[in-house]
Amino acid sequence: MGMERKRKRKVSLFDVVDDTCVSAKLAKTNGFAVHGNDTNPLVNRWNGRPYSKRYLEILEKRKTLPVWHQKEEFLQALKANQTLILVGETGSGKTTQIPQFVLEAVELEIPDKRRKFMVACTQPRRVAAMSVSRRVAEEMDVNIGEEVGYSIRFEDCSSSRTVLKYLTDGMLLREAMADPLLERYKVIILDEAHERTLATDVLFGLLKEVLKNRPDLKLVVMSATLEAEKFQGYFYGAPLMKVPGRLHPVEIFYTEEPERDYLEAAIRTIMQIHMCEPPGDILVFLTGEEEIEDACKKISKQVANAGDVYGPVKVVPLYSTLPPAMQQKIFDPAPPPVMVGGSPGRKIVVSTNVAETSLTIDGIVYVIDPGFSKQKVYNPRIRVESLLVSPISKASAHQRSGRAGRTQPGKCFRLYTEKSFNNDLQPQTYPEILRSNLANTVLTLKKLGIDDLVHFDFMDPPAPETLMRALEVLNYLGALDDDGNLTKLGEIMSEFPLDPQMAKMLVVSPEFNCSNEILSISAMLSIPNCFLRPREAQKAADEAKANFAHIDGDHLTLLNVYHAYKENNEDASWCYENFINPRAMKAADNVREQLVRIMVRYNLKLCSTDFNSCDYYIDIRKAMLAGYFMQVAHLERTGHYLTVKDKQVVHLHPSNCLNHKPEWVIYNEFVLTSRNFIRTVTDVHGEWILDIAPRYFNLENFPQCEAKRVLEKLYKKREREGEESKN
DNA sequence: GAGCACTGC
């Protein structure tokens, strides 16, 4: 019966797709047939309700999307293959339409009838999962959260009726930890696969395994451009389908000679466009906040100097840490002419990479691409991730230029030579998995049951040293035993959406009688900086921050902020008066609640040392050391800090709140900028180190250094004391 | 005495 219905549907589909010149009326009729149920074509198959007028209007528009021309081809390929690769550029409609095509073609009924199998479609970003699912719910004429839903951290908007679920790639990975064969799903669509996020890369390898054990499961990998052939090779030659995009042509210009100063060149190019080119907004890609704010000032100044003949300009900065209200300005229209009949105005958006993938601005006609962005790099030798201004890839340059052609034909000015584009730029940005500390990823893989990491089928295998480093860290933390098997502790740690060090500190915190406080600190460390420091009120902001300062450490300062926030009833105006970011605090509260739920699930006690006890802060500092003993720095007699074992010279980040230079500190972050900084540091005692991490601080295989000599003395002192107490 | 590309659980 099911098959018969499917076949019938396909016949009518075929009519719609093949006969692109059918009259609107005929197409509508076919539309009914496609989406109606067997007894009544006017009734929505999914919820049994009659279709709305809006549904039919949207359906007409949907049919004009490029991907509709290959609907039948896609469905045939889906039927015949377990894995499919679909390449479609911006504007092809793949993200919204393909999942709906899939819904029509697969059987989702489960015998028990209480729920249905689902189709999953992953997205790298939360906003995309949310906004696309809303759109698709509208297209399918159902309520969001019912037949079509989404699932992102902190928000599961789906129900037992849900048949199509958009979710972040990280969320699907989480689901896989509890349901290794992903048995709730009949089809999994990995969208934006070309972005090669860490989670997508892990899902690639995982799904390859799952597909072997689930012949009824299908996988669709959707990507924009280029690497599709690589995907094909990786997925055993799965068929590849290409769907054209729908962008306006963009003319590319290169410089004749290499530019020495890309910032200066970018501003010069902006002025040339402004003075010589027809109306249209400009998008400039720069690398970071400071550079962008600086450039905005310079541009405004030069425009003012150029005089009124050229029309008014509105310069707008854009980067992710900009408050949302300021970000909204990129959607403001260009300013009107100064006087009637005057030159039209122009909007100039100066942005980081956010405008390359995460945010799209319509109306951009000119793109200026200096060819650089800040990229994460990882040095496994010293276990440090840092941000480095680096040349972008060809794929990235292509994506940037495409931003000029969203609403009309555009122009892209690349501030490098064509030769440089061809010879110097890598085809693709290195996938994140090759640029990251993998401690957390390895823990996840172990939890997913992948025991042999060396032979795990990564699309791009990480450096062996990176994997070794990750295994070593997890072993020291007690998450893996000496054979590399997940321990009970490791299993619990993997349940927390935190880095392994932080997860460890949290899991052991009840032993130090301070899990409530460690929960708050973990939450505060998981959110972006909560301290506001507006350019115009830096001094006042610093003073406000000093009120929260705890002299023994920045972690404790963060705890003070959290406590003060709660004592003031999470009041937003209290936040502003104290230069605290209320959104960040709200986020911290969310994280904390999530962590508490996991603690409760694993019977981890929620407890505190009496606040009046002199052990209150000591217990907290010891618990932190239990997680962060591999991130300890020692103050040398020369006056600077050296990280223990790795022996890197580091400096306390100037944002710290300590009033002294402790002999030993733990740090949350190693940041490599103008110097090596350790940020968010707390004073710990040498004696605690011996008690809490004796294995890591075993002096037998410890590099020769001042810290070692100090520890030796401490061990000897302890031995003496031990003997004295025996006697 | 300095900074924060971008995501995600």
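Below, chain A is the first sequence line, B the second, and so on; all start at residue 1. Just so you know, these numbers come straight off a predicted model, no measurement behind them.
Within 6.0 Å of the OH atom in Y430(A), the count of heavy atoms belonging to other residues, nucleotides or ligands does not exceed 12.
Residue N529(A) is classed as a base contact, given a heavy-atom separation below 4.0 Å to a base. Residue T287(A) is classed as a sugar-phosphate contact, given heavy-atom separations below 4.0 Å to backbone atoms only. As judged by a 4.0 angstrom heavy-atom cut-off over every strand, Y319(A) is placed among residues touching the sugar-phosphate backbone only. Within 4.0 Å (heavy atoms only), L198(A) reaches no atom of the nucleic acid at all. Counting any heavy atom pair closer than 4.0 Å across all strands shown, S373(A) reaches no nucleic acid atom. Looking at heavy-atom distances under 4.0 Å, R153(A) makes contact with a base. Within the nucleic acid shown, R126(A) comes within 4.0 Å of sugar-phosphate atoms alone, with no base atom in reach, counting heavy atoms only. Counting non-hydrogen atoms under 4.0 angstrom, E289(A) reaches a base of the nucleic acid.
For the salt bridge (charged side-chain N to carboxylate O under 4.0 Å, His left out) test, residues two or more places apart in sequence or in another chain that qualify with R125(A) are E195(A). With sequence neighbours excluded, no residue forms a side chain to side chain donor-acceptor pair (under 3.5 Å) with T444(A). In this structure, the side chain to side chain contact (heavy atoms under 4.5 Å, CB included) partners of E291(A), at least two apart in sequence or on a different chain, are Y262(A), L263(A), L286(A), T287(A). In this structure S131(A) satisfies the side chain to side chain contact (heavy atoms under 4.5 Å, CB included) test with no other residue, sequence neighbours excluded. Residues passing the side chain to side chain donor-acceptor pair (under 3.5 Å) test with Q123(A), sequence neighbours excluded: D191(A).
Protein chain A contacts DNA chain B over a range whose 5' and 3' limits, counting nucleotides with an atom under 4.0 angstrom from a non-hydrogen atom, are dG1(B) to dC9(B).
Legend: salt bridge (Lys or Arg N to Asp or Glu O under 4.0 Å) pairs involving residues 426-447 of chain A, not counting sequence neighbours, sorted by first then second residue: K376(A)-E432(A), K447(A)-E495(A). Pairs passing the salt bridge (Lys or Arg N to Asp or Glu O under 4.0 Å) check and including a residue from residues 582-597 of chain A, sequence neighbours excluded, read K566(A)-D589(A).
Both T321(A) and E432(A) lie close to DNA chain B; mapped to their nearest nucleotides by heavy-atom distance, the more 5′-ward contact belongs to T321(A).
S396(A) and S393(A) are not linked by any side-chain donor-acceptor pair at a separation below 3.5 angstrom, with hydrogens and angles left out of the test.
Contacts between residues 537-553 of chain A and DNA chain B, defined by a heavy-atom separation below 4.0 Å, involve no residue at all.
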